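Only heavy atoms go into these numbers, but all of them, side chains included; no hydrogens, no water, no symmetry mates. For the single chain, residues carry numbers from 1 onward in sequence order. Since this is a predicted model, take the numbers as computed values, not measurements.
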Amino acid sequence: MLISAHPQFKGFLRAVGARPDSVSDHFTIPLMPLSERSGVNKDKYLSEFINYAAGAIADGTLGWSTSREVLNEGVTEYVMRINRRIIARKGTMSFKRLTNTCEEALVRLAFDAAGCRLDYISHELLRRWTRYLGLANFSYYAPGPPALRFWATGSVAGEGAVTALSRRTGHTVREGALATLPGIWREQRGDPRGDMYLPIWKIRAALCWRQRISDDEFDTAIVDCHRGKFPHLGFRIHLDGAKPQQTPASTRPLVLRTRHGAPQIQHIMRVYPARMTEEAGPT
């Protein structure tokens, strides 16, 4: 129904890898790292942003491509147009508004380059719809250079009465995802002498990106593992409700349910060998 009713829905699915004619299983919008924004004033930021995006496009790993000329014209024109509107209202474009506007411009340009012309608000709606439907996922926090990343978690073939859906869900998919958890845990933890617990949102982004699954599938897998439904994985997990100081506002905690249905909010987790207890060490 959405494919028939929404003019950009099918194009969005194709761009993020959820259609048979998709050219990639992911779609990435590069965002200039925070470390490179420091010391850059508003007059220079736009050109620096375009240079960074051009370098990422040249690597050929984004799932889309465009020329430097189109990139420069598209981003610059969009930012200038928004700036003119702000000036007409007797305002001034703040640095934060500038960075957000550059992201909006690049998102529009990227999808246009992939054959799906849509405005930024439509893109926000579609990325949430497809995640809710189990067809695609997105994250700002997957490992790698800072970016907004989309990836297919299912596929839609055909349309109308002959539409066929498939999704990467279920016990086997969760077991495969959990099998990668210790490795991802070690990668994200980095220094073994560091904190024993890591933010769940950080592990979720890394694992879902690696396995091309949805946030919901990750959460279900972790809850099932925590409750002993995968006894032969060779490791255990411990969840805790302590909230890290630096938690992105756009991320969500993991929610466990008690026997009576009451929610238990979990923010951090630890992975450790099955034959080790937290208090006694190896058993």
Side-chain angles (χ1 to χ4, degrees), residues 2 9 12-13 15-18 22 24-29 31 63 103 107 123-156 165-185 187-189 197-227 229-230 233 237-244 246-257 263-271:
L2 281 169
F9 189 67
F12 184 91
L13 290 172
V16 301
S22 296
S24 175
D25 66 350
H26 75 280
F27 192 80
T28 299
I29 312 295
L31 300 175
E103 178 184 337
V107 166
H123 134 266
E124 287 192 312
L125 290 173
L126 289 169
R127 74 187 191 184
R128 285 164 174 79
W129 286 357
T130 50
R131 182 160 70 180
Y132 175 79
L133 293 169
L135 299 174
N137 204 23
F138 68 91
S139 177
Y140 283 94
Y141 308 108
L148 168 58
R149 292 178 172 83
F150 305 82
W151 58 93
T153 60
S155 64
V156 183
L165 301 173
S166 65
R167 297 177 176 89
R168 286 193 284 279
T169 61
H171 184 89
T172 301
V173 169
R174 295 165 195 163
E175 187 173 41
L178 287 170
T180 70
L181 180 58
I184 289 175
W185 166 266
E187 292 171 6
Q188 295 302 307
R189 189 179 174 202
Y197 287 83
L198 294 179
I200 292 173
W201 63 263
K202 187 175 184 180
I203 300 299
R204 180 194 288 126
L207 194 148
C208 289
W209 168 248
R210 176 80 59 82
Q211 295 298 111
R212 299 294 196 264
I213 62 173
S214 69
D215 290 354
D216 288 341
E217 204 64 12
F218 169 88
D219 287 2
T220 301
I222 295 299
V223 171
D224 286 351
C225 181
H226 179 71
R227 292 176 174 169
K229 294 185 179 180
F230 295 93
L233 289 174
I237 61 173
H238 185 266
L239 307 174
D240 196 280
K243 188 174 183 179
Q246 296 181 343
T247 300
S250 60
T251 62
R252 67 184 191 186
L254 181 72
V255 180
L256 293 177
R257 295 283 176 179
Q264 292 181 330
I265 307 302
Q266 309 294 324
H267 292 285
I268 58 178
M269 64 182 295
R270 177 191 175 192
V271 177

A.B. asks: Looking at every heavy atom in both Cys208 and Ser214, which two are closest together, and how far apart are they?
C.D. replies: SG-O, 3.4 Å

A.B. asks: Is it true that Arg252 and Asp216 have a side-chain N and a carboxylate O under 4.0 angstrom from each other?
C.D. replies: yes

A.B. asks: Using atom types as modelled and distance alone, determine if a side-chain donor or acceptor of Gln266 lies under 3.5 Å from a backbone N or O of Asp240.
C.D. replies: yes

A.B. asks: Of the non-hydrogen atoms in Thr169 and Val173, which two are nearest, and what is the gap between them?
C.D. replies: O-CG2, 3.5 Å

A.B. asks: Just by distance, do the side chain of Glu217 and the backbone of Gly170 share a donor-acceptor pair under 3.5 Å?
C.D. replies: yes

A.B. asks: I need the Arg227 CZ to Leu256 CG distance, nearest 0.5 Å.
C.D. replies: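 Arg227 atom CZ to Leu256 atom CG measures 6.0 Å (nearest 0.5 Å).
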
A.B. asks: Look up atom CG in Asp219 and atom CZ in Arg174, then write down how far apart they are to the nearest 0.5 Å.
C.D. replies: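 The CG atom of Asp219 sits 10.5 Å away from the CZ atom of Arg174.
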
A.B. asks: Counting C-beta onward and ignoring hydrogens, is there a side-chain heavy-atom pair between Asp224 and Leu178 closer than 4.5 Å?
C.D. replies: no

A.B. asks: Give a yes or no on whether the ring-centroid distance for His123 and Phe12 is below 6.0 angstrom.
C.D. replies: no

A.B. asks: For the atom pair CG (Leu165) and CG (Leu133), what is the distance rounded to the nearest 0.5 Å?
C.D. replies: 8.5 Å

A.B. asks: Could you walk me through whether Leu135 and Leu13 pass side chain to side chain contact (heavy atoms under 4.5 Å, CB included), step by step?
C.D. replies: CA-CA 8 Å; Leu135 299 174; Leu13 290 172; 4.1 Å; yes

A.B. asks: Any chance you could measure Arg131, atom CZ, to Asp215, atom CG, to the nearest 0.5 Å?
C.D. replies: 5.0 Å

A.B. asks: Tell me whether Arg127 contacts the main-chain N or O of Ala136 through its side chain, where contact means a donor paired with an acceptor under 3.5 Å.
C.D. replies: no

A.B. asks: Can you tell which of Ile268, Val223, Ile203 makes a side chain to side chain contact (heavy atoms under 4.5 Å, CB included) with Leu254?
C.D. replies: Val223

A.B. asks: For Arg212, is there any backbone N or O sitting under 3.5 Å from a side-chain donor or acceptor partner on Arg168?
C.D. replies: yes

A.B. asks: Are Gln188 and Pro143 packed together at the side-chain level, in the sense that at least one heavy-atom pair is separated by less than 4.5 angstrom?
C.D. replies: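 Heavy-atom side-chain distance check passes, below 4.5 Å.
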
A.B. asks: In the structure I gave you, are the side-chain heavy atoms of Ile200 and Pro253 within less than 4.5 Å of one another anywhere?
C.D. replies: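 No, every pair of side-chain atoms sits at 4.5 Å or beyond.
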
A.B. asks: Taking all heavy atoms of Phe230 and all of Ala221, pick out the closest pair and write down the distance.
C.D. replies: CE1-O, 4.4 Å

A.B. asks: Thr153 side chain to Gly134 main-chain N or O, any donor-acceptor pair under 3.5 Å?
C.D. replies: yes

A.B. asks: Under the side chain to side chain contact (heavy atoms under 4.5 Å, CB included) criterion, do Phe150 and Ile29 qualify, and how do the steps go?
C.D. replies: CA-CA 9 Å; Phe150 305 82; Ile29 312 295; 4.1 Å; yes

A.B. asks: Does Arg149 reach the side chain of Tyr141, with side-chain heavy atoms less than 4.5 Å apart?
C.D. replies: no

A.B. asks: Indicate yes or no: at least one non-hydrogen side-chain atom of Leu198 is less than 4.5 angstrom from one of Val271.
C.D. replies: no

A.B. asks: With rounding to the nearest 0.5 Å, note down the distance linking CZ in Arg270 to CH2 in Trp185.
C.D. replies: 7.5 Å

A.B. asks: Looking at side-chain heavy atoms only, is the closest gap between Tyr140 and Leu31 below 4.5 Å?
C.D. replies: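 A side-chain contact under 4.5 Å exists here.
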
A.B. asks: Let me confirm one number: the CE-CD1 distance from Met269 to Ile222, rounded to the nearest 0.5 Å.
C.D. replies: 4.0 Å

A.B. asks: Would you call the rings of His26 and Trp209 parallel, tilted or perpendicular, where under 30° means parallel and over 60° means perpendicular?
C.D. replies: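 Ring orientation, 0 to 90° scale: perpendicular.
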
A.B. asks: Answer whether the closest heavy-atom distance between the side chains of Pro244 and Tyr197 falls below 4.5 Å.
C.D. replies: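 Side chain of Pro244 against side chain of Tyr197, heavy atoms only: no contact under 4.5 Å found.
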
A.B. asks: Considering only heavy atoms from C-beta outward, does the side chain of Ile213 approach that of Asn137 to under 4.5 Å?
C.D. replies: no

